[in-house]
Chemist: 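A single structure is presented below for examination.
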Amino acid sequence: MTRAEMDALGWDSCDVILVTGDAYIDHPSFGMALVGRLLEAQGYRVGIISQPDWHSAEPFRALGKPNLYWGITAGNMDSMVNRYTADRKIRSDDAYTPNAEPNKRPDRAVTVYAQRVREAYPGVPVVIGSIEASLRRIAHYDYWSDKVRRSVLFESKADLLIFGNAERALVDVTRRIAAGESIKEIRDIRGTAFLVQPGWLPDAEWSVHNSTRVDVPGRIDVQPNPYAMAQEDVKACATENAQPEPVLKPVIIMTREERQAAAREKAMKTVVRLPSFETVSEDPVMYAHASRVFHLESNPGNARALVQSHGDRDVWLNAPPLPLAMDEMDNVYDLPYARNPHPSYGKAHIPAWEMIRYSVNIMRGCFGGCTFCSITEHEGRIIQSRSEPSILREIELIRDTTKNFGGTITDLGGPTANMYRLACKDKTIEESCRRLSCVYPTICSNLGTDHSKLIQLYRKARAIPGVKKILIGSGLRYDLAVRSPEYVKELVTHHVGGLLKIAPEHTEAGTLSKMMKPGIGAYDEFKRLFDKYSLEAGKKQYLIPYFIAAHPGSTDEDMLNLALWLKKNNFKLDQVQTFTPTPMAMATTMYHTRKNPLKKVTEDSEVVETARSGKMRKAHKAFLRYHHPENWPILRETLVKMGRGDLIGNGERHLVPAWNASEDNGTALPGDRKRQGGMPAPQPHQIAAAKRATPARGPAGAGRAAVAAAPERARPSILSTIKAKPKGVRK
């Protein structure tokens with residue numbers, strides 16, 4: 001990270017310099033550490049510039065000019081998600097920065113950093129990657145500017161973009177540049193994207209398919225019924241002797257394997273042309289169509305290359321990277337990480353590091369396909385797992401080398417806790433599948449759901465000397481877990497520290513269908529097993545469910561029903577999530593276009609209503625925290641508009657209490673414009689008069705407290721109290 005460190009190593013220059021928006025933490029959970037150690041293992045000298053001041057090019061000259069290329073990343077998160085809340089407000093902290101200090105990275109960090117390194121050393125190739133670049137590789141809706149933006153390749157002017165899991169592509173690119181090949185000539189590596197001239201093809205054998213051949217957009221004509229006979233056909237049947245004899249052609253019968261091999265060979269030389277940037281930025285139907293085609297072409301086993309026009313240039317995307325095999329995953333995670341923040345940070349508090357310092361990543365990828373999540377777009381649907389010995393070695397390494405280790409491993413997981421070594425039962429089927437999810441609408445019959453290898457891993461991990469507890473901190477896919485009651489028993493008995501987080505996300509079928517999440521019945525079944533095995537283990541343990549407010553397809557009625565479910569089950573959520581449209585997620589497509597890309601997209605296809613206004617999003621979030629007084633005014637107003645004023649009151653069946661002067665010490669809360677029934681809220685002078693009219697009993701305020709604590713039927717109405725105002729008080 002410094003010239004002094006280069007001198008100590010005897011380096012006069014670096015081969016590759018990586019720029020990141022995160023603090024540099026040499027741990028495999030952080031992308032820069034993983035990439036840096038991987039290139040180091042190939043024999044390259046790697047420098048890292050962490051969170052540089054982007055206001056000038058000078059900080060980017062700190063390590064000199066790289067011999068091969070610049071590697072640019074925003075960090076472990078998209079910089080816009082990192083810096084802004086779901087309400088587009090600047091966050092007050094940054095978990096990936098020393099002492100959680102905010103504003104240590106720019107908006108759209110990949111673009112800004114790429115521009116600065118060009119200024120620092122013109123002519124050096126620029127390679128961009130990480131989740132920010134990966135999710136912005138084609139034209140995409142950007143929530144923060146509320147418009148469709150071009151591929152990040154245009155804004156950053158990068159020479160090459162590496163998307164998805166980058167290990168294979170990164171090693172190939174580095175070797176070829178080191179061997180003297182121009183980066184402009186590297187056009188055949190999976191998982192890479194670049195700019196080309198319109199009409200460019202790798203060679204003459206390639207063919208171009210318009211995206212409408214993959215999925216037909218626009219208004220769809222009714223397909224004719226081949227068994228319905230027209231009147232002319234009936235007449236023709238009467239004179240069949242006049243018809244010419246049919247010409248018989250030999251039919252070639254191919255095996256399934258031969259057909260699939262031929263299709264794969266053809267796909268390798270086929271590129272699908274998506275609607276242009278100009279088209280998708282103006283036409284919501286075509287944007288939704290492009291999103292659908294993009295996701296259909298995401299399986300590395302059958303995905304074709306994609307190309308999209310942006311004015312006078314095309315963005316070319318090669319097929320997604322092939323997943324790493326188990327031994328390759330082991331090689332990546334067994335590299336000699338220091339497993340600590342860089343010493344230059346001293347004793348600074350880095351929240352993201354402290355959260356994962358005692359955890360172990362056992363897999364990557366997710367076949368859940370949740371529409372609001374970007375894991376599938378970035379890491380893919382195929383699960384890549386480490387071997388059991390590699391994982392156990394890392395646990396022992398934590399025990400032996402990590403400072404202040406108290407014997408508890410805080411997580412064995414990844415994007416999900418229980419997809420370790422789960423895969424399609426048939427590799428051939430896996431390579432030809434175009435399903436967007438292996439578990440929605442139902443768990444695929446070809447998916448292996450055997451949790452025995454994960455159970456075995458848990459048992460061996462907690463048997464390691466010096467390890468007192470193995471906790472599971474990653475989110476659990478409970479619809480899979482219930483397929484293996486033995487796993488649920490093992491988890492609940494040994495690996496829950498009192499609380500276990502899971503993510504039903506919603507309770508209503510309409511919203512869940514837009515999320516591609518299972519029905520709430522799967523949660524009920526998991527809770528039954530969880531409670532049963534907790535009781536058998538003699539432990540008091542609780543589920544902590546996560547929910548999303550304002551998700552596309554979620555109506556006011558859906559949020560109300562969810563709130564009533566929470567109240568019925570006595571859940572009082574503290575931290576809740578409002579839907580944030582992230583680049584390229586399918587739910588983001590629904591938010592932007594009001595179309596459902598999970599089905600064929602046409603002009604008159606299903607309309608997906610979504611909460612877009614700030615007030616509506618705030619109301620949806622308030623339903624999740626119905627118990628908090630600050631949300632009562634907007635909930636009362638929303639319930640009245642919905643015609644559900646019957647849920648406002650002070651009884652057990654009510655969702656929020658009736659308005660009471662004690663809520664705000666005599667001042668109506670912002671947003672409490674109307675009470676149930678449409679009556680205006682009392683004004684401050686009226687409230688003051690009501691307080692004066694309330695008889696005092698004992699200490700000041702005791703009378704009002706006694707009224708508030710009285711049974712519902714015995715409480716005097718605040719309205720009747722105000723009506724008894726003294727003369728001279730204006731209405």
Chemist: Apply the side-chain hydrogen bond (donor to acceptor under 3.5 Å, both in side chains) test between Asp142 and each candidate in Arg136, Arg149, Lys147; give the one that qualifies.
Modeler: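 Testing Asp142 for a side-chain hydrogen bond (donor to acceptor under 3.5 Å, both in side chains) against Arg136, Arg149, Lys147 leaves exactly one candidate, Arg136.
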Chemist: Applying side-chain contact (heavy atoms from CB on, under 4.5 Å), name anything that partners Arg612, two or more places apart in sequence or on another chain.
Modeler: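 Only Tyr141, Asp146, Tyr591, Thr610 meet the side-chain contact (heavy atoms from CB on, under 4.5 Å) criterion with Arg612.
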Chemist: Counting only N and O atoms by type, is there a donor-acceptor contact under 3.5 Å from the side chain of Lys567 to the main-chain atoms of Tyr626?
Modeler: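 The answer is no, because no donor-acceptor pair under 3.5 Å joins these two groups.
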Chemist: What is the distance from atom NE2 of His140 to atom OG1 of Thr589, rounded to the nearest 0.5 Å?
Modeler: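 These two atoms lie 12.0 Å from each other.
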Chemist: Which residues satisfy the side chain to side chain donor-acceptor pair (under 3.5 Å) test with Thr20, sequence neighbours excluded?
Modeler: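 Partners of Thr20 under the side chain to side chain donor-acceptor pair (under 3.5 Å) test: none.
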Chemist: Not counting sequence neighbours, list each pair that qualifies as a side-chain hydrogen bond (donor to acceptor under 3.5 Å, both in side chains) and has a residue in residues 503-531.
Modeler: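 Passing the test, one end in residues 503-531: His506-Ser554, Glu508-Asn561, Thr511-Asp558, Lys514-Glu606, Glu525-Arg528, Lys527-Asp531.
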Chemist: About how many Å separate CD1 of Ile472 and OG1 of Thr410, when rounded to the nearest 0.5 Å?
Modeler: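 Answer rounded to 0.5 Å: 9.5 Å.
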Chemist: For Ser390, enumerate each residue passing the side-chain contact (heavy atoms from CB on, under 4.5 Å) test, keeping only those at least two apart in sequence or located in another chain.
Modeler: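 Residues passing side-chain contact (heavy atoms from CB on, under 4.5 Å) with Ser390: Asp330, Asp334, Arg386, Ser387, Arg393.
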Chemist: Answer yes when Arg357 and Glu354 have at least one side-chain N-carboxylate O distance shorter than 4.0 Å, and no when they do not.
Modeler: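 No salt bridge links Arg357 with Glu354.
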Chemist: May I ask you to decide whether Arg625 forms a salt bridge with Glu630, counting only side-chain N to carboxylate O separations under 4.0 Å?
Modeler: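 Salt bridge flag = yes for Glu630 with Arg625.
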Chemist: Does the side chain of Leu422 reach to within under 4.5 Å of the side chain of Phe367, using non-hydrogen atoms?
Modeler: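 Yes. Closest side-chain heavy atoms under 4.5 Å.
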Chemist: Is there side-chain contact between Pro545 and Phe547, with heavy atoms separated by less than 4.5 Å?
Modeler: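 In contact.
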Chemist: List for me each residue that meets side chain to side chain donor-acceptor pair (under 3.5 Å) alongside Thr449, sequence neighbours excluded, and say none if there are none.
Modeler: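 In terms of side chain to side chain donor-acceptor pair (under 3.5 Å), with neighbours along the sequence ignored, Thr449 is linked to no residue.
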Chemist: How far does CD of Glu328 sit from CG of Leu322, to the nearest 0.5 angstrom?
Modeler: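 CG of Leu322 is found 9.5 Å from CD of Glu328.
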Chemist: Enumerate the residue pairs fulfilling side-chain hydrogen bond (donor to acceptor under 3.5 Å, both in side chains) with a member in residues 468-482, sequence neighbours excluded, ordered by first and then second residue.
Modeler: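 Matches after skipping sequence neighbours: Asp411-Ser474, Arg477-Asp479.
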Chemist: Output the distance between atom CG (Asn299) and atom CG (Leu296), rounded to the nearest 0.5 Å.
Modeler: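 Between Asn299 CG and Leu296 CG, I get 11.0 Å after rounding to 0.5 Å.
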Chemist: As a quick check of understanding, evaluate side-chain contact (heavy atoms from CB on, under 4.5 Å) for Leu412 and His495, giving each step before the final call.
Modeler: CA-CA 10 Å; Leu412 292 182; His495 302 285; over 6 Å; no
Chemist: In terms of ring plane angle, is the pair Phe405 and Tyr358 parallel, tilted or perpendicular, where the classes change at 30° and 60°?
Modeler: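 Because their plane-to-plane angle lies in the 30° to 60° range, the rings of Phe405 and Tyr358 count as tilted.
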Chemist: Walk me through it: do Glu297 and Arg434 pass the test salt bridge (charged side-chain N to carboxylate O under 4.0 Å, His left out)?
Modeler: CA-CA 8 Å; Glu297 297 293 334; Arg434 289 188 181 273; 3.1 Å; yes
Chemist: Does the side-chain hydrogen bond (donor to acceptor under 3.5 Å, both in side chains) test come out yes or no for Asp450 and Ser452, once each step is laid out?
Modeler: CA-CA 6 Å; Asp450 180 11; Ser452 61; 2.9 Å; yes
Chemist: Among Val35, Thr73, Ile162, Leu135, find the one that has a side-chain contact (heavy atoms from CB on, under 4.5 Å) with Ser130.
Modeler: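 With Ser130 as partner, side-chain contact (heavy atoms from CB on, under 4.5 Å) holds for just one option, Thr73.
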Chemist: Quick one: does Met559's side chain get under 4.5 Å of Asp556's, heavy atoms only?
Modeler: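 No, their side chains stay 4.5 Å or more apart.
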Chemist: Mind checking what makes salt bridge (Lys or Arg N to Asp or Glu O under 4.0 Å) contact with Arg483, not counting sequence neighbours?
Modeler: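 None.
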Chemist: Do Thr588 side-chain atoms and Met584 backbone N/O form a donor-acceptor pair below 3.5 Å?
Modeler: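 It does not hold such a pair.
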Chemist: Please list, chain by chain and in numerical order, all residues satisfying salt bridge (Lys or Arg N to Asp or Glu O under 4.0 Å) with Lys539, sequence neighbours excluded.
Modeler: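 By the salt bridge (Lys or Arg N to Asp or Glu O under 4.0 Å) rule, Lys539 matches no residue at all.
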Chemist: With sequence neighbours excluded, what pairs up with Leu392 under the side-chain contact (heavy atoms from CB on, under 4.5 Å) test?
Modeler: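 Leu392: side-chain contact (heavy atoms from CB on, under 4.5 Å) contacts with Glu388, Ile395, Leu457, Lys460, Ala461, Ile464.
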Chemist: Is the shortest side-chain heavy-atom distance between Cys370 and Met516 below 4.5 Å?
Modeler: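 No, too far: nothing below the 4.5 Å cut-off.
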Chemist: Which is it for Thr85 and Arg88 under the side-chain hydrogen bond (donor to acceptor under 3.5 Å, both in side chains) test, yes or no, and what are the steps along the way?
Modeler: CA-CA 5 Å; Thr85 69; Arg88 298 190 179 99; over 6 Å; no
Chemist: When the side chains of residues 485-493 are checked against the rest of the protein, which donor-acceptor pairs come out under 3.5 Å, sequence neighbours left out?
Modeler:
{"unit_1": "Tyr487", "atom_1": "OH", "unit_2": "Tyr458", "atom_2": "OH", "d": "3.1"}
{"unit_1": "Glu490", "atom_1": "OE1", "unit_2": "Arg459", "atom_2": "NE", "d": "3.2"}
{"unit_1": "Glu490", "atom_1": "OE1", "unit_2": "Arg459", "atom_2": "NH2", "d": "3.1"}
{"unit_1": "Glu490", "atom_1": "OE2", "unit_2": "Arg459", "atom_2": "NE", "d": "3.2"}
{"unit_1": "Glu490", "atom_1": "OE2", "unit_2": "Arg462", "atom_2": "NH1", "d": "2.7"}
{"unit_1": "Glu490", "atom_1": "OE2", "unit_2": "Arg462", "atom_2": "NH2", "d": "2.6"}
{"unit_1": "Thr493", "atom_1": "OG1", "unit_2": "Lys489", "atom_2": "O", "d": "2.6"}

Chemist: Please table the atom pairs, donor to acceptor, closer than 3.5 Å between any side-chain atom in residues 569-580 and protein atoms at least two apart or in another chain.
Modeler:
{"unit_1": "Asn569", "atom_1": "ND2", "unit_2": "Trp565", "atom_2": "O", "d": "2.8"}
{"unit_1": "Thr580", "atom_1": "OG1", "unit_2": "Thr578", "atom_2": "O", "d": "3.4"}

Chemist: Check Glu637 with Lys615, please: is the shortest side-chain N to carboxylate O separation under 4.0 Å?
Modeler: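 Counted as a salt bridge, because a side-chain N and a carboxylate O are separated by less than 4.0 Å.
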Chemist: Is Arg91 reaching over with its side chain to a backbone N or O of Val81, donor-acceptor style, under 3.5 angstrom?
Modeler: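 Yes, Arg91 side chain to Val81 backbone: donor-acceptor pair under 3.5 Å.
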Chemist: Output all residues satisfying salt bridge (Lys or Arg N to Asp or Glu O under 4.0 Å) with Arg339, sequence neighbours left out; order by chain, then residue number.
Modeler: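 So Arg339 forms a salt bridge (Lys or Arg N to Asp or Glu O under 4.0 Å) with Glu394.
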Chemist: Ignoring hydrogens, what is the shortest heavy-atom contact between Glu379 and Gln384? Give both atom names and the distance.
Modeler: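 Nearest heavy atoms, Glu379 then Gln384: O-NE2, 3.7 Å.
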Chemist: Report the C-alpha separation of Asp94 and Lys104 in whole Å, then their side-chain angles, then the decisive distance to 0.1 Å, and conclude whether the salt bridge (charged side-chain N to carboxylate O under 4.0 Å, His left out) test is met.
Modeler: CA-CA 8 Å; Asp94 182 344; Lys104 285 295 185 180; over 6 Å; no
Chemist: Salt bridge check: are Asp87 and Lys618 linked by an N-O gap of less than 4.0 Å?
Modeler: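 Judged by the 4.0 Å cut-off on N to carboxylate O distance, Asp87 and Lys618 do not form a salt bridge.
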Chemist: Hey, is the main chain of Ile429 close enough, under 3.5 Å, to the side chain of Asn446 for a donor-acceptor pair?
Modeler: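 Flag not set: sc Asn446 to bb Ile429 has no pair under 3.5 Å.
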Chemist: Quick one, His349 and Pro98 - any side-chain contact, counting heavy atoms below 4.5 Å?
Modeler: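 No, every pair of side-chain atoms sits at 4.5 Å or beyond.
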Chemist: Go through it in stages, so that I can follow the logic: the residues are Asn82 and Ser79, the test is side-chain hydrogen bond (donor to acceptor under 3.5 Å, both in side chains), and I'd like the CA-CA distance, side-chain angles, deciding distance and then a yes or no.
Modeler: CA-CA 5 Å; Asn82 177 281; Ser79 60; over 6 Å; no
Chemist: To the nearest 0.5 Å, what is the distance between CG on Leu447 and CG on Leu480?
Modeler: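 Answer for the CG-CG pair, Leu447 versus Leu480, is 6.5 Å.
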Chemist: Within the 4.5 Å heavy-atom criterion, are Lys595 and Ser605 side-chain neighbours or not?
Modeler: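 A side-chain contact exists here, since the closest heavy-atom pair is under 4.5 Å.
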Chemist: Can you tell if the side chain of Met590 reaches within under 4.5 Å of the side chain of Asn596, non-hydrogen atoms only?
Modeler: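 SC-SC contact between Met590 and Asn596 confirmed.
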Chemist: Roughly how far, to the nearest 0.5 Å, is the CG atom of Leu500 from the OH atom of Tyr542?
Modeler: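 Tyr542 OH to Leu500 CG: 14.0 Å, rounded to 0.5 Å.
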Chemist: With salt bridge (charged side-chain N to carboxylate O under 4.0 Å, His left out) as the test, would you mind laying out the steps for Arg83 and Glu132 before giving the verdict?
Modeler: CA-CA 13 Å; Arg83 284 179 41 78; Glu132 179 169 311; over 6 Å; no
